[in-house]
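Only one structure is covered here, and it is reproduced in the block below.
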Amino acid sequence: MRIYNTLTRKKDEFIPREQGKVAIYVCGPTTYNYIHLGNARPLVFFDTVRRYFKYRGFNVLYVQNFTDIDDKIINRAREEGYDPLVLAERYIGEYYKDADALNVLRADVHPKVSGHITEIIELVKTLLDNGYAYAVDGDVYFNVRHFTGYGKLSGRTLEDMQAGARVEVDVRKIDPMDFALWKSAKPDEPAWESPWGKGRPGWHIECSAMALKYLGFNFDIHGGGFDLIFPHHENEIAQTEAATGQSFARYWMHNGFITVNQEKMSKSLGNFFLVRDILSKFAPEVVRFYLLGTHYRSPLDFDDEKLTSAQRGLERIKTSLRLLDEALAGREADDEARPDPLLVTRLEEIHIEFDKAMEDDFNTALAIGLMFDLAREVNSYLQRNDYPNLAERMAALQKARQMFAQYNCVLGIFKTSATGDILLENQETGNEGLVEDLLDLIIEIRQKARLKKDWSTADHLRDRLKKLGIALEDTPDGVRWKRLG
RNA sequence: GGCGACAUAGCCAAGUGGUAAGGCAGAGGACUGCAAAUCCUUUAUCCCCCAGUUCAAAUCUGGGUGUCGCCUCCA
């Protein structure tokens, strides 16, 4: 497996710290608002990475933090008249709603900063003892000049950074690039007792403390958005490696941005789209499918048309799944039957390609392309009548359905049953009984009209149903209906 | 100013030396009462421009143009 490593600026062969195990830390959101699509990309992508490792038989330990103490939270809380921690907690709850909708699996651990103050203080103490940090008026800063590797992740030197530095010069700092490990508390801010007085952690130290606690040093993969490379991840590396004398993480993965009109979607530019607003217009599987349709390191431009295009594409795959289910419905699988090689040889080729795509730096775009190939092979095969016998045909189709389910386990597009079978929307809820019965009735009436060649009645019913979001399809074997959109 | 990324058909997008995946949209055909869905065929003599390396380049090197990002909170 090859992974593009920001640290080495190339694709490196993945060698786990421990055989058969992989430890991953992903920087989660600062919870002062609902998440937007830009936040969703790393969630969905790293969730897919995690799923792929699992699919390959790895034992995955996946940690994603919540930053629940931060200036923005404090400001927002002040505006709304809440306690900052209460506000943060509320948005953590909202985060789960959006993440669950997008089929993002819960992390093994979702640590919060507020629950790890002790660990953070310990880490800061270590850095002070080591001489990598200094305290001034209740603040503690990390001394970047002291850490020789500073800049190794972002690929620039302190001189580079200062040449165009836009940081305000704080005379109390030894170097302008020094960053806060601990901030003294202003009145009305959440604060904790520390050896340096009441205060709260700086932004970067939390991830170091929590990653070390749950994953230890030298763990496998640390992920986040491109914009975290500097300063966040650079500082994490500096702190952690200065404190432990050990490597922090070995593979650093960064996803590209979601853009709007080619510009970065960000909270500060105000051009962001909330996940829940998008989900009010598009199904979650469409959003996930769209996000994974582009390689994670490339920018991805967002607008409704692109989602609509994704929706239509996904419909193709759904159709193929429906056709498969229809063909297999009510038939017992015969485990003895040899799958028809006519279909299965192609399936095997696709399967090899799928693994190759994912092995090569998680090329989900290629993997999705292969799902389309799979769909075409299936659809095409279903139209043929020259199969050897029914049992072999069914075995081959069964195999195809398993492949769809497997790939879906990795890509996480469709909701699944407990056994991992793909659930299409018609099957999702148990509350559909009446709708189905009514549709059966309407279809029956229409069929009678069609027998009498009363095309205007038949077409009228079909048109009206279409306006209600139900599409009818007449086939030689009867009428099929599905929900649109 | 420093550092970096990207530029592939109408649109989206994969492809890091061997002669352009896939999707959306479009065209033609099969099927259909008509549709829809599906299948088949078709849509880039060519991958921003120029020069170079090579038997061979979208893929490597140099130069140029354009777009974006980081250097400040941001996924």
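Every chain is numbered from 1 and lettered A, B, ... according to where its sequence line falls, protein lines coming before strand lines. What you are looking at is a predicted structure, and each value in this text was computed from that prediction instead of being measured.
Aromatic ring pairs are classed by plane angle as parallel below 30°, tilted from 30° to 60° and perpendicular above 60°; the pair A/Y95 and A/F66 is perpendicular. Note on ring orientation: taking the six-membered ring where Trp is involved, the planes of A/F354 and A/Y55 are perpendicular (angle over 60°, cut-offs 30° and 60°). Note on ring orientation: taking the six-membered ring where Trp is involved, the planes of A/Y290 and A/F302 are perpendicular (angle over 60°, cut-offs 30° and 60°).
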List, with names and distances, any nitrogen or oxygen atoms from the protein found under 3.5 Å away from nitrogen or oxygen atoms belonging to nucleotides 35-37 of chain B.
| residue | atom | partner | partner atom | Å |
| --- | --- | --- | --- | --- |
| B/A35 | N6 | A/D474 | O | 2.7 |
| B/A35 | N1 | A/D474 | N | 2.9 |
| B/A35 | N3 | A/R462 | NH1 | 2.7 |
| B/A36 | N1 | A/D474 | O | 3.4 |
| B/A37 | O4' | A/E473 | OE2 | 3.3 |

Quick one: which protein N/O atoms are closer than 3.5 Å to N/O atoms of nucleotides 10-14 of chain B? Pair and distance per line, please.
| residue | atom | partner | partner atom | Å |
| --- | --- | --- | --- | --- |
| B/A14 | OP1 | A/H295 | N | 2.8 |
| B/A14 | O3' | A/N363 | ND2 | 2.8 |

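Looking at A/S320 and A/R376, their side chains never bring a donor and an acceptor atom within 3.5 Å of each other.
Here, B/G63 and B/A25 have their P atoms 43 Å apart, quoted to the whole Å. Taking atom C1' in both B/C24 and B/G2, the straight-line distance is 41 Å, to the nearest Å.
In this structure, A/E206 places its CD atom 13 Å from P of B/C73, rounding to the nearest Å. Separating the CZ atom of A/R297 from the P atom of B/U16 is a distance of 11 Å, rounded to the nearest angstrom. We find that CG of A/N385 is positioned 16 Å from P of B/C39, with the value rounded to whole Å. Protein atom CG of A/D361 is 11 Å distant from nucleotide atom P of B/U16, rounded to whole Å. Atoms CG (A/L370) and C1' (B/G15) sit 12 Å apart, rounded to a whole Å.
Each of A/G313 and A/P476 has a nearest nucleotide on RNA chain B; the 5'-most of these lies closest to A/G313. Place A/H232 and A/E377 on RNA chain B by their nearest nucleotides, and A/E377 ends up nearer the 5' end.
Stacking of the aromatic ring of A/W455 onto the base of B/G33 is found: the ring centres lie under 5.5 Å apart and the planes are inclined by under 30°.
The side chain of A/F230 has B/C71 as its nearest neighbour among B/G69, B/C73, B/C71.
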Checklist entry - Should A/T30 and A/Y91 be marked as a side chain to side chain contact (heavy atoms under 4.5 Å, CB included) after you check the CA-CA gap, both sets of side-chain angles, and the distance that decides it? => result CA-CA 9 Å; A/T30 301; A/Y91 282 114; over 6 Å; no
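With ring centers used as reference points, A/H351 lies under 6.0 Å from A/Y407.
Using the Watson-Crick or G-U wobble rule with both distances under 3.5 Å, B/U67 pairs with B/A5.
Residue A/Y150 forms a side-chain hydrogen bond (donor to acceptor under 3.5 Å, both in side chains) with just one option from A/N235, A/N143, A/T157, and that option is A/N235.
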